[in-house]
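What follows is a single structure, written as structure tokens, with notes after it.
Start at 1 and go down the list; that is how both ligands and their atoms are numbered.
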Amino acid sequence: MSNNNLLNETHNPALTSWVESANIENSDFPIQNLPFASFKLKGSNEDFRVGVAIGDQVIDLKAVFALDIFDGDVQAALEQCCNTQLNAFMSMGKHFWSALRQALSKALTTGSELQAKLVSCLIAQADVVYALPCQIGDYTDFYTSIHHATSVGKKFRPDNPLLPNYKWVPIGYHGRSSSIEVSGSNFKRPKGQTKAPTATEPSFGPCKRLDYELEVGVFIGNGNDLGESISIDNAEDHVFGICLFNDWSARDIQGWEYQPLGPFLSKSFASTISPWIVTSEALAPYKAQWTRDEADPQPLPYLESQHNRDFGSLDLNLQVLIETETMRNAKQAAVQLSQSNFKDSYWTVAQMVAHHTVNGCNLRPGDMFGSGTQSGPNPEEAGSMLELSNAGAEPIQLPNGETRTFLEDGDCVIMKGWCKKEGAARIGFGEVSATVLAAD
Ligand code: CA
């Protein structure tokens with residue numbers, strides 16, 4: 001099944017922009033991408049506002065609206081972008097998202113007669129800071145990588161790694177949205193209760209097994225009314241876009257607290273997302289076949305559709321890097337810890353949406369899902385240190401001679417993502433990074 005019916009002129013790999021930096025090979029933000037963020041000039045007192053990335057620039061959509069060069073649905077969409085965050089625009093739905101994308105694509109294309117006017121709306125990304133792209137009302141974290149679920153399960157329950165519901169239910173828990181911050185927001189090592197397996201009582205203090213989780217963040221656009229469900233066939237229409245997500249995790253706190261109701265303080269101290277939301281439409285060339293092993297239970301009907309089989313997966317490369325304080329002081333570049341791909345996920349984004357709403361639970365514009373840690377089938381594709389260091393038993397060797405079992409103070413974790421294949425423009429996600437600070 002080809003993706004052709006999902007594609008339009010905005011995906012044409014031959015398109016170039018009059019913003020020259022967008023045409024550089026391996027740019028994260030070519031004209032085929034056009035992701036959204038909330039930004040303002042560094043050091044300024046101005047309000048955050050909504051922008052779209054093009055090459056190494058941001059196009060200020062409030063300024064574009066003020067030019068009054070568009071009309072109809074495009075100008076209506078721009079009007080909703082004249083806010084500090086994206087929720088109002090996200091709530092408009094696919095028709096308006098697509099109308100604005102097409103207009104911006106055309107206006108930014110080489111030779112556009114709008115160049116002279118739009119050039120005044122550009123600001124260098126090097127000169128801006130970001131806020132959360134939208135107000136995240138509710139955040140749900142899934143657990144969609146069977147490779148992660150199995151290897152983590154082995155560490156917590158060696159005799160029973162994968163619980164019997166895993167292959168039937170897209171497992172998730174309700175996370176905490178108040179502590180989600182945008183890339184660059186450093187945070188203090190959390191403190192809490194932990195109990196070593198051999199101890200008779202818990203102790204209190206700074207987390208000793210601090211970890212990252214390599215995840216994808218999924219943003220809901222227009223939601224659903226309480227009591228109504230979103231069918232799997234309509235699910236993707238409700239997804240505005242995707243970002244990179246680091247779900248920091250305190251493994252020692254988690255191990256003691258997680259039964260019987262799931263993770264709590266081991267997750268809610270900090271989570272970090274990349275500033276740019278790459279839209280569902282930009283990702284159309286990378287929607288890929290999804291299959292379920294014949295030996296496994298097939299999805300229940302509400303989680304099953306031909307469209308999901310044909311296009312439910314996303315071929316998105318994910319990478320984690322670390323820069324320790326020692327490396328930073330020596331001006332050494334960050335080094336890769338692992339790479340994986342979101343296409344290895346056991347459940348698709350559409351299945352997450354359909355499952356989340358099947359009981360009538362309402363999703364709202366700006367709600368975010370975490371995909372769960374994306375670990376691939378091979379051990380070196382693990383998306384957390386818990387897996388890479390075999391729960392601390394096998395230290396990870398870094399090129400400068402340092403080792404890590406879990407994160408130390410001063411460690412900066414960087415995650416990157418990109419889609420790339422023959423016949424389509426490369427779509428980059430930028431990055432999410434943050435540094436662990438010492439506990440008080
Ligand atoms: Ca997680």
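- By the 30° and 60° cut-offs, the orientation of the rings of Y346 relative to Y166 is tilted.
- For Q193, the side chain to side chain donor-acceptor pair (under 3.5 Å) test picks out W256, with sequence neighbours left out.
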Kindly list each side-chain donor-acceptor pair under 3.5 angstrom involving residues 360-367, sequence neighbours excluded, with atom names and distances?
from, atom 1, to, atom 2, distance (Å)
R364, NH2, D138, OD2, 2.9
D367, OD1, D138, N, 3.1
D367, OD2, R364, N, 2.9

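- Protein atoms of type N, O or S found under 3.0 Å from the Ca ion (ligand 1) total 4.
- Ring-plane geometry between W97 and F240 is classed as perpendicular, the angle between the planes exceeding 60 degrees on a 0 to 90 degree scale with a lower cut at 30.
- Relative orientation of the W248 and F187 rings is tilted, given thresholds of 30° and 60° on the angle between their planes.
- Listed by first and then second residue, the salt bridge (charged side-chain N to carboxylate O under 4.0 Å, His left out) pairs involving residues 249-269 are D211-R251, E213-R251, E213-K267, D247-K267 (not counting sequence neighbours).
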